[in-house]
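To start, the structure under review is shown below, and the notes come after it.
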Amino acid sequence: QVQLVESGGGLVQAGGSLRLSCVASGRAFRYYTTGWFRRAPGKEREFVAGVTWSGGYTFYADSVKGRFTISRDNAKNTGYLLMNSLRPEDTAVYYCAVSSMATMTRIEGQYEYWGQGTQVTVSS
């Protein structure tokens, strides 16, 4: 089984940056696609970014493109989401998840394991 633990959330001023981390344990992380999702208050959970095991294929939601960077360090079984130029509308609980799908997916149901989430609050 795979367990995911997120960290790095907190309160930040608009325009600032945060780096979220997702540490995986258990089964080999290298075989999974890693995705980041977020759920803002009163809204549905949405896909934010994803990266394949090789790191060669990344994909971002339009709302964060150019501001967020997803990466992973397979040797450390750790995924990262670097968030720059944060906006109040980025306020949400952020989740990392892993998928056994061979190709990138933004569909929640195709991710097998999820972290507990970490709160990101961006003040205006």
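What you are looking at is a predicted structure, and each value in this text was computed from that prediction instead of being measured.
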Kindly compute the distance separating CZ (Arg38) from CD (Gln119), expressed to the nearest 0.5 Å. 12.0 Å

Heavy-atom closest pair, residues Leu82 and Arg19: CD1-CB, 4.1 Å

Point-to-point distance, once rounded to the nearest 0.5 Å, from CG of Leu4 to OG1 of Thr78: 10.5 Å

In the hydrophobic clustering that connects Ile, Leu, Val, Met, Phe, Trp and Tyr at side-chain heavy-atom distances below 4.5 Å, which members other than Tyr60 occupy its cluster, ordered by chain and number? Val12, Leu18, Leu20, Trp36, Val48, Val51, Val64, Phe68, Ile70, Leu81, Met83, Leu86, Tyr94, Val120, Val122

Between atom OH of Tyr111 and atom OG1 of Thr33, what is the distance when rounded to the nearest 0.5 Å? 6.0 Å

Can you tell me if Arg67 has over 12 outside heavy atoms packed within less than 6.0 Å of its CZ? yes

If we ignore hydrogens and angles and just use 3.5 Å, is the side chain of Gln116 paired with the main-chain N or O of Val5 as donor and acceptor? no

With a 6.0 Å cut-off (strictly less than), is the heavy-atom count around NZ of Lys43, excluding the residue itself, greater than 12? no

Quick one: OG on Ser100 to CD on Glu112, what's the gap to the nearest 0.5 Å? 3.5 Å

Indicate yes or no: does Asp62 engage Lys65 in a salt bridge with an N to O separation below 4.0 Å. yes

Between Glu6 and Gly117 (side chain of the first, backbone of the second, donor and acceptor by atom type, cut-off under 3.5 Å), is there such a pair? yes

Between Arg39 and Tyr95, is there a side-chain donor-acceptor contact under 3.5 Å, judged purely by atom types and distance? yes

OG of Ser124 to CD of Gln13, rounded to nearest 0.5 Å, is 9.5 Å

Considering all heavy atoms, the nearest Thr105-Phe47 contact: O-CE1, 3.8 Å

Value for OH (Tyr113) from SG (Cys96), rounded to nearest 0.5 Å, stands at 13.5 Å

